[in-house]
Number of protein chains: 2
Amino acid sequence: MTTQDDWIANLKAASGDLARSSTVTRVADLLRQQITDGHLVPGAALPEKLLSEAANVSRNTMREAFRLLAQEGLVVHEFNRGVFVRSLTLADVADVYRVRRILEGAGVRNAAEAGPEPVARVGAVVAEGERAAAEGRWADVGTADIRFHQAVAALCGSPRVDDMMRHLLAELRLVFHVMGSAERFHGPYLPRNRRLADLLAAGDLTTADQELRAYLYDAEAQLTAAYTAVEPA
Amino acid sequence: MTTQDDWIANLKAASGDLARSSTVTRVADLLRQQITDGHLVPGAALPEKLLSEAANVSRNTMREAFRLLAQEGLVVHEFNRGVFVRSLTLADVADVYRVRRILEGAGVRNAAEAGPEPVARVGAVVAEGERAAAEGRWADVGTADIRFHQAVAALCGSPRVDDMMRHLLAELRLVFHVMGSAERFHGPYLPRNRRLADLLAAGDLTTADQELRAYLYDAEAQLTAAYTAVEPA
DNA sequence: GAGTAGGGATTGTTCAACAATCGGGCAATA
DNA sequence: TATTGCCCGATTGTTGAACAATCCCTACTC
């Protein structure tokens, strides 16, 4: 019975991907890729006619895709003016880190109630980052760093918090690409990730909470400094 | 020069309201009103043809309005099946309160850094609720209760947190209307709002934090009990 | 009663058209 | 020169119709 249920569960999980067709979704995926990869710089205009013809879809379909991306905060829609790649102000960066301190802090303080598996996941992600660093795969170090913070927030055990973190980190990626070589930015934080994971595994949540706070304040300061150098406004 | 800059600043603030037209926005406002007022029960289907003809707009326009409402979590869009008024599960209710504890708790703990004005706003909203209760305006008591919690979360000083709270409370409104007489639900919490506001004004944030936690757990329990009685699934 | 083939209704997507608006250039004026 | 007013091309906002794809219900078969 368990094996049979597993078949069903697997099918159910796969069916989500199958039914997920929808041209709008696919177009949105394409644009999202272009944006998060940094091929579309913040502030760039996205003319509907040009893009719809390039993607071989109708203008209306492209418009619906725009709505999806606007929902995710990757683009902004200005009435009668068009759609533009989102450009974060310094106030935005400060606010993102403010919310990150709240959500990741809540995750750390909830680590005991969250149980052992989510805590283990945090450690696993750090190990993955260390492995990538040892092998010089700097891009993977960056994604591991992002996944680390997602794993910390996931300690809240809340789907909505997971959603919010995904959005916040997507917004930050907009900033990362403005300053060159995003990889070098994540590297120095690996030891601190390790220390946090160890503190969590040991159950010393008070120290972990303080550590994380300082961590995020430092990261914000560094990012802000690098960002002001490029984006004066 | 300062006065001249003030003129400009005022114009700039007002200009946002002027350009805010857009048929899509207006249609979305209409539907949002119908949903939050409870005229559209959760789970109800929203056929595009019917609604677009009723609102005298094109089907495409109605679709874009749907995307906006889906972004706010008021409706869900199922591929090839249509749009339905969002129906919250018990797990959703639990998660909403989980996040509320995180955000409102962060607000309370941040009250000192937030400064006096946001704290004063919390007290003002409570006073407004008490006035409404004294005059028997129960509907206003409900809205004052909601605004109270928004004011508490606003102590974070974060636009993004404000956004999240607005979304969470909008989701909760979907639940309120399922159980009859939402007014009676908010009334008993007025004294606790008052106590919390006083604790905040006095600067006793530790007690306020504990109080708020217990508060939200109680509210969740009561709402969950009332909700299971109506919505077994 | 369970499974299965219609068939009507709804959604997904496209296309073409027109009104409304924006942005830039150009000329007129002081 | 700087400002104002105006025009024009380009882009967006919105509409209506059309067709394919899909879902859901019903009637039919065994």
Side-chain angles (χ1 to χ4, degrees), chain A residues 8 11-12 14-32 40-71 74-87, chain B residues 4 7-8 11-12 14-32 35 40-71 74-87 233:
Chain A
I8 296 178
L11 266 186
K12 195 169 182 180
S15 72
D17 292 350
L18 286 184
R20 194 185 48 115
S21 309
S22 159
T23 311
V24 173
T25 305
R26 249 172 296 137
V27 172
D29 286 345
L30 277 181
L31 287 180
R32 190 184 304 111
L40 254 35
V41 296
L46 302 177
E48 354 187 284
K49 187 176 180 181
L50 182 70
L51 293 188
S52 61
E53 286 173 357
N56 262 330
V57 298
S58 156
R59 245 182 83 211
N60 288 320
T61 302
M62 183 58 72
R63 276 173 140 265
E64 291 198 24
F66 282 161
R67 299 282 188 190
L68 283 188
L69 295 176
Q71 157 190 6
L74 293 182
V75 303
V76 291
H77 188 149
E78 300 184 19
F79 186 71
N80 269 333
R81 293 212 41 221
V83 178
F84 305 85
V85 179
R86 176 86 173 278
S87 177
Chain B
Q4 195 167 7
W7 287 92
I8 296 178
L11 266 186
K12 196 171 181 180
S15 70
D17 291 350
L18 286 184
R20 200 191 51 144
S21 309
S22 158
T23 310
V24 173
T25 305
R26 249 172 297 137
V27 172
D29 287 344
L30 278 181
L31 288 181
R32 190 183 304 111
I35 293 176
L40 253 38
V41 295
L46 302 178
E48 344 186 295
K49 186 176 180 182
L50 182 69
L51 293 189
S52 60
E53 287 173 356
N56 263 329
V57 297
S58 156
R59 243 182 85 211
N60 287 319
T61 303
M62 183 59 72
R63 275 173 139 267
E64 291 199 24
F66 283 160
R67 300 280 188 191
L68 282 187
L69 295 176
Q71 156 189 7
L74 293 181
V75 305
V76 290
H77 188 152
E78 299 183 20
F79 187 71
N80 271 331
R81 294 211 43 224
V83 179
F84 304 85
V85 179
R86 177 87 173 279
S87 177

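Note that the structure is predicted; figures quoted are calculated from it, not measured. Lettering follows sequence order; numbering is per chain, from 1. Note that these values count all heavy atoms, side chains included, but never hydrogens, waters or copies made by symmetry.
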Item to complete: Please state how far atom CG in A:Leu46 lies from atom P in D:dA10, giving the value in whole angstrom units.
Response: 20 Å
Worksheet item: How about B:Phe79 and A:Thr25: do any of their side-chain heavy atoms sit closer than 4.5 Å?
Response: no
Could you go through nucleotides 4-7 of chain C and list every protein N or O atom that sits under 3.5 Å from one of its N or O atoms, giving the distance for each pair?
none

Practice prompt. Establish, with yes or no, whether the OP1 or OP2 oxygen of C:dG12 is under 4.0 angstrom from a side-chain nitrogen or oxygen of A:Ser22.
Written response: no
Worksheet entry | nucleotides 15-21 of chain C: protein proximity per nucleotide (B base, S sugar-phosphate only, - neither; heavy atom, under 4.0 Å) | B-B---S
Practice prompt. Mind grabbing the angle between the end helix axes of the helix from C:dG1-D:dC30 to C:dA30-D:dT1? Five pairs an end, 10° rounding.
Written response: 20°
Item to complete: Would you please name every residue forming a salt bridge (charged side-chain N to carboxylate O under 4.0 Å, His left out) with A:Arg32, sequence neighbours left out?
Response: A:Asp29, A:Glu72
Worksheet item: Any side-chain heavy atom of B:Val85 sitting closer than 4.5 Å to one from B:Leu46?
Response: yes
Item to complete: Would you tell me if any nitrogen or oxygen in the side chain of B:His77 comes within less than 4.0 Å of OP1 or OP2 on C:dG12?
Response: yes
Response to the item:
Ranking A:Glu64 and A:Arg81 by the position along DNA chain C of their nearest nucleotide, the one closer to 5' is A:Glu64
Worksheet entry | Non-hydrogen side-chain atoms of B:Arg86 and B:Leu74 separated by less than 4.5 Å | no
Fill in: Contacts of type salt bridge (charged side-chain N to carboxylate O under 4.0 Å, His left out), residue A:Arg81, not counting sequence neighbours
A:Glu78
Item to complete: Name the closest nucleotide to the A:Arg63 side chain, picking from C:dC22, D:dT12, C:dG12.
Response: D:dT12
Worksheet item: Between D:dC23 atom P and B:Glu78 atom CD, what is the distance in whole Å?
Response: 11 Å
Discussion item. Whole angstroms only, please: what is the CG-P distance between A:Leu68 and C:dT13?
Written reply: 11 Å
Discussion item. If I take atom CZ in residue B:Phe66 and atom P in nucleotide C:dT11, what distance separates them, rounded to the nearest angstrom?
Written reply: 8 Å
Worksheet item: What integer distance in Å separates B:Glu48:CD from C:dG12:C1'?
Response: 8 Å
Discussion item. D:dT15, OP1 or OP2 - any side-chain N/O from B:Thr61 closer than 4.0 Å?
Written reply: yes
Worksheet item: For B:Arg67, which residues count as a salt bridge (charged side-chain N to carboxylate O under 4.0 Å, His left out) partner, sequence neighbours excluded?
Response: A:Glu64
Worksheet item: Atom CD of A:Glu53 and atom P of D:dA10: how far apart are they, to the nearest Å?
Response: 14 Å
Practice prompt. Please determine if a side-chain N or O atom of B:Thr23 lies less than 4.0 Å away from the OP1 or OP2 oxygen of D:dT14.
Written response: yes
